[in-house]
Amino acid sequence: GPSIGLRAEMDALELREGTALPYASRYPMRMHACGHDGHAVMLLGAAQYLAERVGFRGTVHFIFQPAEENLAGGKLMVDEGLFGRFPMMAVFGLHNRPGLEAGLMGVRTGPVMACADFFELRLTGVGGHAAYPHTAKDPIVVAAQIISAWQSLVSRGTDPLQSGVVSVTRIQGGHTTNVIPAEVSLAGTVRAFREDVRLGLETGLRRLAESIAAAQDVRAELAYERRYRATVNSETEVQYVLEAMERTVGAQRLCRDLALSMGAEDFGWLLERCPGAYGVIGNGTEGSHGRPLHNPEYDFNDAVIPIGVRYWVNLVRQLLPDC
């Protein structure tokens with residue numbers, strides 16, 4: 001029979017846990033703050049159930065993927081031949097979503113999560129005494145002008161009906177109060193759903209940085225990395241997911257047009273090579289279950305684990321029916 005892939009992540013974040021729960025992480029700066037431990041358990045539960053019972057015809061590849069956070073382990077798995085070694089007609093992922101009522105499920109056709117590109121800009125001028133700025137070439141002033149100009153790439157350079165984000169999240173330069181530094185570095189992230197918007201933002205970042213720096217006789221060097229592509233669901237596979245979700249939680253607990261997220265997922269690299277769909281399951285709205293992902297007080301809601309297991313089993317039985 002045919003084959004499909006089901007994927008869960010198995011990594012944590014560099015974050016100090018603040019839940020004070022009995023099962024909180026015992027390792028400093030290692031926390032399951034995105035629920036990947038819960039995702040892995042749901043997929044393991046489905047694997048155990050399906051392995052012990054006959055009820056489908058074909059092959060299910062259970063993909064336990066490392067390094068989703070920051071390192072794009074999904075891209076590495078694809079580059080190393082995931083789909084060549086394990087051919088599949090479709091691949092599916094599931095992620096919890098805090099703020100959505102526990103046990104509700106949802107999916108959408110087309111883009112569901114944004115790309116995540118990362119950049120670092122190094123500005124090199126001439127250092128000098130802060131009392132005599134005319135003898136220096138100040139990269140801090142240039143950095144301020146560039147940061148301000150970059151924001152116009154979205155507000156004035158992107159179609160208002162499309163979405164884009166340019167965020168500078170780090171600026172470093174100088175070490176004391178009476179010295180103009182010779183170097184300043186900026187770093188941040190770009191988010192978009194469409195490839196043309198993504199390319200426009202990347203091109204614009206470089207053009208503005210280099211031209212503004214050149215006008216002040218400062219050298220600009222931009223390093224830009226396309227680490228996560230947008231997660232884009234296939235229409236046919238979304239219909240399969242909707243049917244399996246409805247069978248699992250009922251039509252009244254199903255979000256058929258899930259809200260877009262500017263967060264990113266390396267599952268997009270799998271979907272670039274294989275049709276599939278990425279859905280969500282509600283983690284809850286109260287207390288630690290409602291805390292945002294990547295929050296030190298976030299806690300995966302164990303009550304949704306059986307729902308996730310049933311969903312995976314229903315999806316397999318739907319796509320690989322027993323003949």
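Each residue takes its place number in the sequence, starting with 1.
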Side chains of Asp299 and Thr19: is there a donor and an acceptor less than 3.5 Å apart? no
Between Ala230 and Ala192 the two heavy atoms that sit nearest each other are CB-O, 4.2 Å
Set of side chain to side chain donor-acceptor pair (under 3.5 Å) partners for Ser25, sequence neighbours left out: none
With sequence neighbours excluded, give me every side-chain hydrogen bond (donor to acceptor under 3.5 Å, both in side chains) pair touching residues 278-288. Glu265-Tyr278
Does anything in residues 85-101 form a side-chain hydrogen bond (donor to acceptor under 3.5 Å, both in side chains)? List the pairs, not counting sequence neighbours. His39-Asn96, Asn96-Tyr298, Glu101-Arg253
Can you name the side chain to side chain donor-acceptor pair (under 3.5 Å) partners of Asp257, sequence neighbours left out? Arg108
In terms of heavy-atom contacts, Met31 and Asn295 come closest through CE-O, 3.4 Å
To the nearest 0.5 Å, what is the distance between CG (Leu320) and CD1 (Ile4)? 4.5 Å
Any residue meeting side chain to side chain donor-acceptor pair (under 3.5 Å) with Glu183, in chain and number order, not counting sequence neighbours: Arg122
Any idea which heavy atoms bring Leu186 and Ile146 closest together, and the distance? CD1-CG2, 4.5 Å
CG of Leu208 to CG of Leu121: how many Å apart, nearest 0.5 Å? 11.0 Å
Hey, are the side chains of Val141 and Pro133 touching, using non-hydrogen atoms and a 4.5 Å cut-off? no
Shortest non-hydrogen contact from Phe193 to Ser261? CE2-O, 3.3 Å
For the student: nearest non-hydrogen atoms of Gly74 and Gln65, plus distance: N-NE2, 3.1 Å
Is Leu153 linked to Phe119 within one hydrophobic cluster, defined over Ile, Leu, Val, Met, Phe, Trp and Tyr using a side-chain heavy-atom separation of less than 4.5 Å? yes
Hey, what do you get for CG (Leu6) to CD1 (Ile63), rounding to the nearest 0.5 Å? 7.5 Å
Is it the case that one hydrophobic cluster holds both Val197 and Val112, taking links as side-chain heavy atoms less than 4.5 Å apart, direct or via other members? no
Under a 4.5 Å side-chain heavy-atom rule over Ile, Leu, Val, Met, Phe, Trp and Tyr, are Leu293 and Met105 clustered together? yes
Indicate yes or no: at least one non-hydrogen side-chain atom of Met89 is less than 4.5 angstrom from one of Pro275. no
Hey, could you give me each pair passing ring pair (Phe, Tyr, Trp, His ring centres under 6.0 Å) that has a residue in residues 158-190? Not counting sequence neighbours. none
Glu195 meets the side chain to side chain contact (heavy atoms under 4.5 Å, CB included) criterion, sequence neighbours left out, with Arg198, Arg226
Are Val91 and Phe267 packed together at the side-chain level, in the sense that at least one heavy-atom pair is separated by less than 4.5 angstrom? yes
Apply the test side-chain contact (heavy atoms from CB on, under 4.5 Å) to residues Leu104 and Val249: give CA-CA distance (whole Å), side-chain angles for both, the deciding distance (0.1 Å), then the verdict. CA-CA 7 Å; Leu104 264 65; Val249 298; over 6 Å; no
Would you mind reporting whether Val316 and Tyr49 have side-chain heavy atoms less than 4.5 Å apart? no
Within a strict 4.5 Å, meaning less than it, do heavy atoms of the Leu222 and Glu210 side chains meet? no
Is there a donor-acceptor pair under 3.5 Å between the side chain of Gln318 and the backbone N or O of Ala244? yes
Do the charged groups of Asp322 and Arg53 touch, with an N to O distance under 4.0 Å? no
Determine whether Thr59 and Phe86 satisfy the following criterion, side-chain contact (heavy atoms from CB on, under 4.5 Å), listing intermediate values before the conclusion. CA-CA 10 Å; Thr59 302; Phe86 308 102; over 6 Å; no
Point-to-point distance, once rounded to the nearest 0.5 Å, from CG of Leu254 to CE of Met245: 7.0 Å
I want to check something: taking the side chain as every heavy atom from C-beta on, are Thr189 and Val165 in contact at a cut-off of under 4.5 Å? no
Distance from Glu237 atom CD to Leu315 atom CG, nearest 0.5 Å? 10.0 Å
Assess the residue pair Asp11 and Leu71 against the criterion (side-chain contact (heavy atoms from CB on, under 4.5 Å)); give the C-alpha distance rounded to whole Å, side-chain angles, the decisive distance to 0.1 Å, and a yes or no. CA-CA 10 Å; Asp11 63 334; Leu71 300 176; over 6 Å; no
Take Leu201 and Val154, measure what side-chain contact (heavy atoms from CB on, under 4.5 Å) needs, and give me the verdict at the end. CA-CA 8 Å; Leu201 293 175; Val154 174; 4.1 Å; yes
Qualifying residues under side chain to side chain contact (heavy atoms under 4.5 Å, CB included), relative to Glu272, sequence neighbours excluded: Arg229, Trp269
Output all residues satisfying side chain to side chain donor-acceptor pair (under 3.5 Å) with Arg310, sequence neighbours left out; order by chain, then residue number. none
Any heavy-atom pair between the side chains of His289 and Pro98 that's under 4.5 Å? no
Please report the interatomic distance CG(Leu199) to CG(Asp117), rounded to the nearest 0.5 Å. 10.0 Å
Is there a path of hydrophobic side-chain contacts, each under 4.5 Å between heavy atoms of I/L/V/M/F/W/Y residues, joining Ile281 to Leu258? no
Kindly state each residue pair satisfying side-chain hydrogen bond (donor to acceptor under 3.5 Å, both in side chains) with at least one member in residues 147-161, sequence neighbours excluded. none
If you take all heavy atoms of Ile180 and Pro139, which pair is closest and at what distance? CG2-CD, 4.4 Å
What residues join Tyr23 in its hydrophobic cluster, counting side-chain heavy atom gaps under 4.5 Å, either direct or through other members? Leu21
Would a single hydrophobic cluster contain both Leu44 and Leu94, if residues Ile, Leu, Val, Met, Phe, Trp and Tyr are joined by side-chain heavy-atom contacts under 4.5 Å? yes
A side-chain contact here means heavy atoms from C-beta on lying under 4.5 Å apart; do Leu260 and Pro111 qualify? yes
Return yes when atom CD of Glu235 has more than 12 non-hydrogen atoms of other residues, nucleotides or ligands closer than 6.0 Å, and no otherwise. no
Got a sec, which hydrophobics cluster with Phe118, joining ILVMFWY side chains under 4.5 Å apart, including via others? Tyr228
